[in-house]
Amino acid sequence: MKTFQASILGAAALAIAFTAQAQDYRAQAISMMKRDFHAKGIAHMDRLNEDAVQLVCNRSHDNPPKDVAERLQQDQLATVQYPADGKYLGDWQAGEKIAQNGAGMTWKDGGGKPNGGSCYNCHQIGPATTSFGDIGNSLLHFGKTRGYGADMQKYVYGKIYNAKAYNLCSKMPRFGHSGTLTEQQIKDLVALLLDPNSPVNK
Amino acid sequence: MSSIKLRAVVALSGLALVCAAQAAQKEAAPPKKAAAHAKKPAAAKDPVAADFEKFHEIMEEDSPAELFEAKGAEMWKAKRGPNHVSLEKCNLGLGPGVVKGAYVQMPRYFADAGQMMDAERRIVYCMVTLQGFKEADLAKKPFSKGSYLPDPVALVTYVAGQSRNMKIAVPQKLPQERAAYKLGEEVFNYRAGPWDFSCASCHGEDGKRIRTQNLPNITTKEGANRAFQGWPGYRMTGGLMHTLQWRMNDCFRQQRFPEPGYATETIADLLTYMGVNANGYLYKGPGIKR
């Protein structure tokens, strides 16, 4: 009995020590990066700080407790600024160009050129582009299969504006929240996915 | 130089031009053709990838990297720098002057420097301590560009060539080396910046692509081996020789992070994480990359 108790205590102590050590590596790694990196162009040093979402996802290996994830997703959803005119559909042709464009937010970017969305880096979208990545799911025939209604338009606008509002540790960037894409650019992307005339839905 | 090799190099620079032109085109305008492939669910190989594979077959035996190895070998033996000495006394971890097998056993902890060092960081250290070069000067323009080839790139390529067909055996004996692995793992998984990316966002799952570029899953042994192989590499896009220092720099750029300092501990620790994950595989030497 005594040894059993001792071993439980021992295991607990070990677990605490282990987490303490893991925390320590994490803290050390962060301060090492802050020492070793420097600002370049528009990529300033504050980019090495985690925000609340990044911190929770980093600490939980992208697997946060459900209640925490839900609460933070609600916070993220509250950041979405929907168009004041209530219209979500822009110009799908402009949207196609934004989806193709991989520039934006790196230390080589800036200087007045509009940012792109890099969407084809991760998604299949229009039928004409075969050099698409597959970190995200295929968006070909998106409107055709998911519907063209106002709710769907609002969802896609919100997803592009802040992907973490729907899936806290998504690999997809938050294009509106991070200031990468403008309201008009996001509308154009919504049109690319949800305009019945867009090649995506042919 | 054999005429076959010369022809191959000429062909390669031609191809590099085509690639550069295609890359520029890709950024400027969406590709118009390929509507015929629309029904195919998977991405078709792009012409650059197809060219590269053909080229890779021809060059298998006769890599252009060997030219850079030869240049690095000369540089290694030449008396250079303010102190006018060669690097032949440089200790790459296996004793002063031992080059054979050193690359596949780095990064490692060097007690004289009190630091974890990958091959490039160590070579820079030797250039500074033995030859009297200034570290700040070496860090100013550390990457190949146009016809400019930084000294450390040629030197690393030479040193790497001296580990061809040897087993990757990045040491984990010392506590500092085990800590470096843990720190590298933390850096690898650290998601931050405006696009919420970490290395793991792009290299944490099997069989993923960005556009048509395959992304090795560096958290697995096999993926880490793929990431280790072929570096330093002659890169078809632009026709330049690059080391893993450059690869890390460009991936941090894509990660939307600020810039990592050249040959710093952060990079040494990341390369420790990758190298240890790749331990046991045979290193095939400097190679070519798309």
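Reminder, nothing fancy here: chain letters follow the sequence lines and each chain counts from 1.
- Ranked by heavy-atom pairs under 4.5 Å with chain A, the first of B/Tyr190, B/Tyr262, B/Phe257 is B/Tyr190.
- Ranked by heavy-atom pairs under 4.5 Å with chain A, the first of B/Ser201, B/Gly207, B/Cys202 is B/Ser201.
- Contact annotation for B/Leu215: only side-chain heavy atoms (C-beta onward) come within less than 4.5 Å of a heavy atom of chain A.
- At a threshold of 4.0 Å, the pair A/Lys164-A/Asp51 does not count as salt-bridged, since none of the basic side-chain nitrogens sits closer than that to a carboxylate oxygen.
- Only the side chain of B/Phe197 comes within contact range of chain A, with at least one heavy atom under 4.5 Å from a heavy atom of that chain.
- Of the listed residues B/Arg191, B/Lys208, B/Glu185, the one with more heavy-atom pairs under 4.5 angstrom with chain A than any other is B/Arg191.
- With 3.5 Å as the limit, one finds no donor-acceptor pair spanning the side chains of B/Thr272 and B/Glu177.
- In terms of non-hydrogen atom pairs under 4.5 Å with chain A, the most contact-rich of B/Val187, B/Thr266, B/Thr264 is B/Thr266.
- Highest contact tally toward chain B, considering only A/Lys108, A/Met45, A/His44, is held by A/Lys108 [criterion: heavy-atom pairs under 4.5 Å].
- When heavy atoms are compared at a cutoff of 4.5 Å, A/His38 approaches chain B by way of both its backbone and its side chain.
- Checking A/Thr180 against A/Ser178 by side-chain atom types alone, a donor-acceptor pair falls below 3.5 Å.
- Across B/Pro260, B/Gly184, B/Gly193, the residue that shares the most heavy-atom pairs under 4.5 angstrom with chain A is B/Pro260.
- Ring geometry for A/Tyr166 versus A/Tyr155: interplanar angle over 60°, hence perpendicular rather than tilted (30 to 60°).
- Ion pairing of A/Arg26 with A/Glu50 is present here, as a side-chain N (NZ or NE/NH1/NH2) and a carboxylate O approach within less than 4.0 Å.
- A cation-pi arrangement is absent between A/Lys154 and A/Tyr88 under the rule of less than 6.0 angstrom and at most 45 degrees off the ring axis.
- In this structure, chain B has no heavy atom under 4.5 Å from any part of A/Leu55.
- When each of B/Ile267, B/Asp196, B/Asn189 is checked for heavy-atom pairs under 4.5 Å with chain A, B/Asp196 comes out on top.
- Counted by atom type alone, B/Gln245 and B/Asn249 present zero donor-acceptor pairs between their side chains at under 3.5 Å.
- Between A/Tyr148 and A/Asp195, the side chains place no donor N or O within less than 3.5 Å of an acceptor N or O (distance only, hydrogens not considered).
- If you tally non-hydrogen atom pairs under 4.5 Å between each of A/Val53, A/Ile135, A/Asp109 and chain B, the highest count goes to A/Ile135.
- Of the two parts of B/Ala200, only the backbone, made up of N, CA, C and O, holds a non-hydrogen atom closer than 4.5 Å to a non-hydrogen atom of chain A.
- For A/Asp62, the part lying under 4.5 angstrom from a heavy atom of chain B is the side chain only.
- A cation-pi arrangement, defined by a distance under 6.0 Å to the six-membered ring centre and an angle within 45 degrees of its axis, is present between B/Lys141 and B/Tyr148.
- Proximity to chain A is limited to the side chain of B/Asp269, based on heavy atoms less than 4.5 angstrom apart.
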Exercise. Start with the C-alpha distance between B/Glu265 and A/Arg35, add both sets of side-chain angles, then the distance that settles salt bridge (charged side-chain N to carboxylate O under 4.0 Å, His left out), and finish with yes or no.
Key: CA-CA 10 Å; B/Glu265 187 191 347; A/Arg35 182 197 65 204; 2.8 Å; yes

